[in-house]
K.L.:
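Following this message is one structure expressed as C-alpha cells.
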Amino acid sequence: MQKRPDWDEYFLKLAMLASERATCPRMHCGCVLVKNKDVVSTGYNGSIPGDVHCEDNECLVVDNHCIRTVHAEMNALIQAAKRGHSIEGATAYVTNMPCTTCAKALITAGIKRVVVFSEYHDTLATEFFGKAGVTIDKQAMPSKEIAYNLKDYSSAC
C-alpha cells in the first residue's frame with residue numbers, strides 16, 4: 001500500500017501533470033498556484049492563443065531561448081488574473097526553477113513560497129526570491145506513479 005502524499009508532493013504531482021500539456025519540446029514545465037491548500041490556477045509552457053505550437057512547427061529561438069513560449073508560471077498568473085483570483089500569499093508549485101522573468105512576476109504578484117524539484121540554468125531567481133523574502137523549498141521529484149484504488153461497484157447495483 002502506497003503512503004498518502006503530503007501536500008507538497010500532491011501539488012508537485014499536479015504541476016507534473018500540468019506540464020504534460022506543454023507544447024515546447026525544449027522543456028515541459030508546469031505550475032500550480034495554491035492558496036490555503038486550494039488550487040487557484042495552473043499553467044504550462046506553450047504558445048500564445050492563435051499561434052502555432054513549437055512541437056507542430058518549430059521553436060522560435062533567440063539567444064538560446066524559445067520566445068514563442070509563454071512560461072508555465074506566467075500562464076498560471078494570467079489564468080488567476082482572468083478569473084479574478086487573488087494570489088497574495090500563495091505558493092507556486094513549479095516543476096522547474098523559475099527563470100529570472102518568471103521569478104520577478106511571481107514576486108510582484110505576491111507569491112510567498114515556491115516549491116520546486118528541478119533546477120534551471122542561467123537564472124537570478126534565487127537571488128531575487130531571497131531579496132523579496134520568498135521561501136524556496138527544493139523537494140525530491142515526486143514519484144510519477146499515481147496510487148488509486150478503484151473498487152468494482154457494478155456488482156453492488
K.L.:
I'd like to know if Val116 and Leu106 are part of one continuous hydrophobic network [Ile/Leu/Val/Met/Phe/Trp/Tyr, side-chain heavy atoms within less than 4.5 Å].
P.N.:
yes
K.L.:
What are the two closest heavy atoms between Leu14 and Val39, and how far apart are they?
P.N.:
CD1-CG2, 3.9 Å
K.L.:
Can you check whether Glu9 reaches Arg4 side chain to side chain, under 4.5 Å on heavy atoms?
P.N.:
no
K.L.:
Specify the closest pair of heavy atoms between Thr23 and Gly46, including all atoms of both residues, with the distance to one decimal.
P.N.:
OG1-CA, 3.2 Å
K.L.:
Cluster question for you: counting only ILVMFWY and a side-chain heavy-atom cut-off of under 4.5 Å, with indirect links fine, are Val32 and Met74 together?
P.N.:
no
K.L.:
Spell out, as yes or no, whether a donor-acceptor pair under 3.5 Å connects the side chain of Thr95 to the backbone of Gly30.
P.N.:
yes
K.L.:
Linking I/L/V/M/F/W/Y whenever any side-chain heavy atoms sit under 4.5 Å apart, do Tyr10 and Leu17 land together?
P.N.:
no
K.L.:
Answer yes or no: is there a donor N or O on one side and an acceptor on the other, between the side chain of Ser41 and the main chain of Ala76, under 3.5 Å?
P.N.:
yes
K.L.:
Tell me, with the steps shown, if Ile78 and Lys82 meet side chain to side chain contact (heavy atoms under 4.5 Å, CB included).
P.N.:
CA-CA 6 Å; Ile78 292 163; Lys82 285 172 71 172; 3.8 Å; yes
K.L.:
If we ignore hydrogens and angles and just use 3.5 Å, is the side chain of Asn45 paired with the main-chain N or O of Ala22 as donor and acceptor?
P.N.:
no
K.L.:
In terms of ring plane angle, is the pair Trp7 and Phe11 parallel, tilted or perpendicular, where the classes change at 30° and 60°?
P.N.:
parallel
K.L.:
Quick check: is Phe129 connected to Ile111 through a chain of hydrophobic side chains (ILVMFWY, heavy atoms under 4.5 Å apart)?
P.N.:
yes
K.L.:
State, with a plain yes or no, whether a side-chain heavy atom of Arg26 is found less than 4.5 Å away from one of Cys54.
P.N.:
no
K.L.:
Are Met16 and Pro142 packed together at the side-chain level, in the sense that at least one heavy-atom pair is separated by less than 4.5 angstrom?
P.N.:
yes
K.L.:
State which residue, out of Val34, Ile136, Asp137, fulfils the side chain to side chain contact (heavy atoms under 4.5 Å, CB included) condition with Val115.
P.N.:
Asp137
K.L.:
Could you tell me whether the side chain of Cys31 reaches within less than 4.5 Å of the side chain of Leu33, counting heavy atoms only?
P.N.:
yes
K.L.:
Measure the CD1-SG distance between Ile67 and Cys24 for me, rounded to the nearest 0.5 Å.
P.N.:
11.5 Å
K.L.:
Look up atom NZ in Lys13 and atom CE in Met141, then write down how far apart they are to the nearest 0.5 Å.
P.N.:
10.5 Å
K.L.:
Can you tell me if Ser47 uses its side chain to pair, donor with acceptor, with the backbone of Val52 under 3.5 Å?
P.N.:
yes
K.L.:
Between atom CE of Met27 and atom SG of Cys99, what is the distance when rounded to the nearest 0.5 Å?
P.N.:
9.5 Å
K.L.:
To the nearest 0.5 Å, what is the distance between CZ (Arg68) and CD (Glu58)?
P.N.:
7.0 Å
K.L.:
Looking at every heavy atom in both His28 and Asn96, which two are closest together, and how far apart are they?
P.N.:
O-OD1, 3.5 Å
K.L.:
To the nearest 0.5 Å, tell me how far His71 NE2 sits from Cys66 SG.
P.N.:
7.5 Å
K.L.:
Using a 4.5 Å cut-off on heavy atoms from C-beta on, say whether the side chain of Val114 contacts that of Thr135.
P.N.:
no
K.L.:
Side-chain contact test, heavy atoms from C-beta onward, threshold under 4.5 Å: evaluate it for Glu73 versus Val94 and give yes or no.
P.N.:
yes
K.L.:
Give a yes-or-no answer on whether the side chains of Asn75 and Tyr44 include a donor-acceptor pair shorter than 3.5 Å.
P.N.:
no
K.L.:
Would you confirm whether Thr100, through its side chain, and Leu124, through its main-chain N or O, come within 3.5 Å as a donor-acceptor pair?
P.N.:
yes
K.L.:
Taking the side chain from Arg21 and the backbone from Gly43, do they hold a donor-acceptor pair closer than 3.5 Å?
P.N.:
no
K.L.:
Can you find a heavy atom in the side chain of Ser86 that is under 4.5 Å from one in the side chain of Lys35?
P.N.:
yes
K.L.:
For the pair Asp8 and Arg113, find out whether any cationic side-chain nitrogen is under 4.0 Å from an anionic carboxylate oxygen.
P.N.:
yes
K.L.:
Could you tell me whether the side chain of Phe117 reaches within less than 4.5 Å of the side chain of Lys138, counting heavy atoms only?
P.N.:
no
K.L.:
Linking I/L/V/M/F/W/Y whenever any side-chain heavy atoms sit under 4.5 Å apart, do Ile107 and Leu77 land together?
P.N.:
yes
